[in-house]
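Below is one structure, written out as structure tokens, with a few remarks after it.
A, B, ... follow the sequence lines: proteins, then strands. Residue 1 opens every chain. What you see is a predicted model, and the numbers here were worked out from it, not measured in a lab.
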Amino acid sequence: MTSPATPPPATGVRTRFCPSPTGMVHVGLLRTALFNWAHARHTGGTFVFRIEDTDAARDSEDSYRHLLDCLRWLGLDWDEGPEVGGPHGPYRQSERSDVYREVAAELLAAGHAYESFSTNEEVDARRRAAGQDPKLGYDNADRSLTDAQKAAFRDEGRQPVLRLRMPDADLVWTDLVRGEVRFAAGSVPDFVLVRGNGAPLYPFVNPVDDALMGITDVLRGEDLLPSTPRQLALYAALTDIGVAQGTPRFGHLPYVTGEGNKKLSKRDPQSNADVYRERGFLPEGFANYLALLGWAIADDRDVFSVAEMVEAFDVTRVSANPARFDLRKAEAINATHLRALPAEEFLAQVRPFLAGAGLVADPPTEEQDRVLRAIAPLAQERMIVLSDAVGLLGFLFTDEVEIDPAAAAKQLAGDDAAEVLDAATAALTGLTDWSTAAVEEALRTALVDGLGRKPRQAFGPVRVAVSGRTVSPPLYESIELLGRERTLARLAAARAHGG
RNA sequence: GCCCCCAUCGUCUAGCGGUCCAGGACGCCGCCCUUUCAAGGCGGUAGCACGGGUUCGAACCCCGUUGGGGGCACCA
């Protein structure tokens with residue numbers, strides 16, 4: 001009944017992303033969205049976004065909005081779905097109850113599904129009585145109940161669940177990323193489509209929606225792989241009753257794991273996509289890194305744009321092994337994208353972070369804008385994420401710097417530091433031309449020539465005094481932008497600080 | 001317990017039977033540059049889990065072992 005052949009869909013690829021709006025957005029989830037989107041875009045197909053909000057207890061409107069926001073941030077636009085519409089709506093399962101009810105009734109009428117009255121306890125007892133492991137699950141015992149038997153159960157007040165009659169054949173498919181996968185006939189029990197209370201279950205509604213929305217390629221997490229044989233059987237039944245046009249192709253994406261080799265759990269703070277966005281990962285940088293989790297664009301390159309990914313993406317080239325989320329590499333990739341940003345773009349991206357920290361007005365004042373434009377190119381190449389700008393540039397936008405205690409301990413303590421600060425103060429006090437070149441000249445003359453110090457010893461204390469940190473944008477430029485008054489005040493403050 | 005997936009440097013990967021005494025990237029370690037830290041440049045470190053086959057030839061194919069992961073709900 002199932003064929004291992006997987007011809008590409010003749011009607012054009014249709015992929016989907018169908019999260020349930022419960023809690024935070026997981027990086028693994030975004031990776032799945034990215035791959036589905038890229039596959040659709042690469043093939044000139046359609047990307048459908050559907051919300052699986054059938055669990056009223058856990059779903060939330062906030063989470064729903066957040067999901068849309070995350071996709072948009074990453075740059076994943078959908079052709080059909082919430083707020084966009086499309087010919088197969090509604091795209092929220094909570095609005096599709098009638099559809100499921102109808103399909104369930106048709107499946108029952110056609111004999112593909114049947115009413116089952118056994119309780120878990122009864123199934124367990126039967127398994128044990130037969131000397132079998134209860135973990136084998138449901139035993140298909142209710143497949144051929146007579147009308148009289150069903151009536152008797154109903155008289156007891158039992159509400160039947162609806163189960164799908166599994167075929168007596170191996171369930172096989174050619175996975176887009178794993179090749180042929182086979183489950184032996186009889187290894188999957190008849191599963192529940194609709195609960196006793198009439199609520200349709202995920203293993204039922206998901207394929208029904210995919211079928212109705214014409215999904216041709218299903219790319220999803222590896223955790224769903226064991227449920228695929230059930231879906232194959234369901235698809236066969238749905239096709240038989242005319243609800244589905246056939247069975248989609250499946251591709252099971254490898255896990256994204258955290259420390260150790262466990263799949264990244266929702267508990268793991270690293271798994272929350274928000275933290276990357278809040279730290280100022282660029283959408284392009286983050287997408288680039290996510291793409292690397294299981295896919296490679298070439299054997300000698302791993303930095304690329306989203307457009308380049310779309311151009312080159314091929315699902316069948318996705319790796320089958322789990323990928324560890326490596327923050328350091330993610331940062332390195334992002335830093336590369338950050339440095340490659342055109343000046344204007346970089347400025348536009350950084351401003352909200354500085355404004356958010358209260359360092360500049362929103363929009364910045366003319367003076368703030370002047371300073372920002374001057375320093376931005378120098379800061380750009382020493383940042384990993386946008387929020388780094390707050391610590392790196394903060395000293396330029398405040399009257400008094402807060403000196404990092406560790407930096408102070410390292411550079412401001414002792415007589416040597418005092419000597420340097422005094423000499424720097426003297427040199428700069430008399431400076432008439434407050435320019436980068438003049439500042440450099442004055443400091444070099446006073447500290448390197450005058451005190452006979454090595455540059456690294458000479459400028460360390462000055463840097464900490466001026467910027468509050470051991471890491472800062474280039475010193476002379478910083479001093480020019482800071483201006484005479486603030487510079488001298490900070491040198492004096494640092495002198496006092498060192499004691 | 002049953003079923004399924006996975007197996008190349010510490011990490012992510014390239015490799016789709018010979019061109020691989022295995023290439024790239026992150027990390028790490030040196031050196032250069034240098035005004036600290038970065039960035040950049042150069043160099044280095046480190047890997048085909050194991051055992052059987054198949055083949056003239058295996059990281060690549062097959063089988064097994066071991067190891068890791070996942071799934072077995074009237075959750076999604």
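Nucleic acid contact for A/Arg317: base, since at least one base atom lies under 4.0 Å from a heavy atom of the residue. Within the nucleic acid shown, A/Phe191 has no heavy atom closer than 4.0 Å to any nucleic acid atom. No engagement by A/Tyr289 is indicated, since no non-hydrogen atom pair under 4.0 Å with the nucleic acid exists. Residue contacts shown for A/Arg456 are limited to sugar-phosphate atoms, with no base heavy atom under 4.0 Å away. Contact annotation for A/Asp299: base contact, defined as any heavy-atom pair under 4.0 Å involving a base atom.
A/Leu412 and A/Ala465 make their closest contact through CD2-N, 4.4 Å (heavy atoms, listed as atom of the first residue, atom of the second, distance). Among all heavy-atom pairs drawn from A/Ala376 and A/Phe346, the shortest one is O-CE2, 3.6 Å.
Across every strand in view, B/C56 sits in a pair with B/G18 that passes the Watson-Crick or G-U test at under 3.5 angstrom. Pairing of B/C2, defined by two Watson-Crick or G-U wobble distances under 3.5 Å, is identified with B/G71. Base pairing of B/A49: its partner is B/U65, meeting the Watson-Crick or G-U wobble criterion (both donor-acceptor distances under 3.5 Å). Using the Watson-Crick or G-U wobble rule with both distances under 3.5 Å, B/C33 pairs with nothing in any strand shown. Pairing of B/U11, defined by two Watson-Crick or G-U wobble distances under 3.5 Å, is identified with B/A25. Nucleotide B/A38 is matched to nothing when pairs are restricted to Watson-Crick or G-U wobble geometry with both distances under 3.5 angstrom.
Remark: aromatic rings of A/Phe304 and A/Phe313 are distant, center separation not under 6.0 Å. In summary, the aromatic rings of A/Tyr255 and A/Phe325 are positioned with their centroids too far apart to meet the 6.0 Å limit.
In this structure, A/Glu381 atom CD and B/G40 atom C1' are separated by 9 Å, rounded to whole Å. Computed from coordinates, the A/Leu290 CG to B/C12 P distance equals 15 Å when rounded to whole Å. As a whole-Å value, the separation of A/Asn334 CG from B/C26 P is 14 Å. Atom CZ in A/Arg453 sits about 16 Å away from atom P in B/U36, given to the nearest Å.
Out of B/A14, B/U35, B/C12, the shortest distance to the side chain of A/Leu475 is found at B/U35. Out of B/G15, B/U11, B/U36, the shortest distance to the side chain of A/Asp326 is found at B/U11. Candidate nucleotides B/G69, B/A25, B/A38 were compared by shortest atom distance to the side chain of A/Arg382, and B/A38 ranks first. Residue A/Phe183 has its side chain nearest to B/C4 when only B/C37, B/C4, B/G1 are considered.
At distances below 3.5 Å, at least one donor-acceptor pair connects side-chain atoms of A/Arg463 with backbone N or O atoms of A/Pro473. Under a 3.5 Å cut-off, the side chain of A/Arg495 and the backbone N or O of A/Leu491 do not form any donor-acceptor pair.
Only the C1' atoms considered, B/C63 is 22 Å distant from B/G69, to the nearest whole Å.
Contact annotation: A/Asn321 reaches the phosphate of B/U8 (side-chain N/O to OP1 or OP2, under 4.0 Å). In this model, the phosphate group of B/G40 is approached by a side-chain N or O of A/Arg339 to a distance below 4.0 Å at OP1 or OP2. Considering only side-chain N and O atoms, A/Arg444 lies under 4.0 angstrom from the phosphate OP1 or OP2 of B/U35. In terms of phosphate contacts, A/Lys263 brings no side-chain nitrogen or oxygen within less than 4.0 Å of OP1 or OP2 of B/G70. The side chain of A/Arg182 contributes no N or O atom lying less than 4.0 Å from OP1 or OP2 of B/C3.
To the nearest 0.5 Å, atom CG of residue A/Leu145 and atom OG of residue A/Ser116 are 7.5 Å apart.
The base of B/C5 has none of its N or O atoms less than 3.5 Å from a complementary donor or acceptor on the side chain of A/Arg178.
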Checklist entry - Given A/Ile479 and A/Trp434, is the side-chain contact (heavy atoms from CB on, under 4.5 Å) satisfied, shown in steps? => result CA-CA 9 Å; A/Ile479 289 176; A/Trp434 195 267; 3.4 Å; yes
Item to check | From CA spacing to verdict: salt bridge (charged side-chain N to carboxylate O under 4.0 Å, His left out), A/Arg126, A/Glu121 | outcome: CA-CA 9 Å; A/Arg126 285 199 295 267; A/Glu121 293 70 32; over 6 Å; no
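Relative to the six-membered ring of A/Phe395, A/Arg490 misses at least one condition, a distance below 6.0 Å or an angle of at most 45° to the axis.
Using a 4.0 Å cut-off between charged side-chain N and carboxylate O, A/Asp133 and A/Arg127 make no salt bridge.
Mapped onto RNA chain B by nearest heavy atom, A/Thr336 and A/Tyr476 fall at different nucleotides, with A/Tyr476 at the one closer to the 5' end.
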Distances under 3.5 Å between nitrogen or oxygen atoms of protein and nucleotides 73-76 of chain B:
| residue | atom | partner | partner atom | Å |
| --- | --- | --- | --- | --- |
| B/C74 | O2 | A/Gly196 | N | 3.2 |
| B/C75 | OP1 | A/Arg195 | NH1 | 2.6 |
| B/C75 | OP2 | A/Arg195 | NE | 3.1 |
| B/C75 | OP2 | A/Arg195 | NH1 | 3.1 |
| B/C75 | O2' | A/Asp55 | OD2 | 3.4 |
| B/A76 | OP2 | A/Tyr202 | N | 3.1 |
| B/A76 | O2' | A/Ser20 | OG | 2.9 |

Between protein and nucleic acid, restricted to nucleotides 59-64 of chain B and to nitrogen or oxygen atoms under 3.5 Å apart, what atom pairs and distances do you find?
none

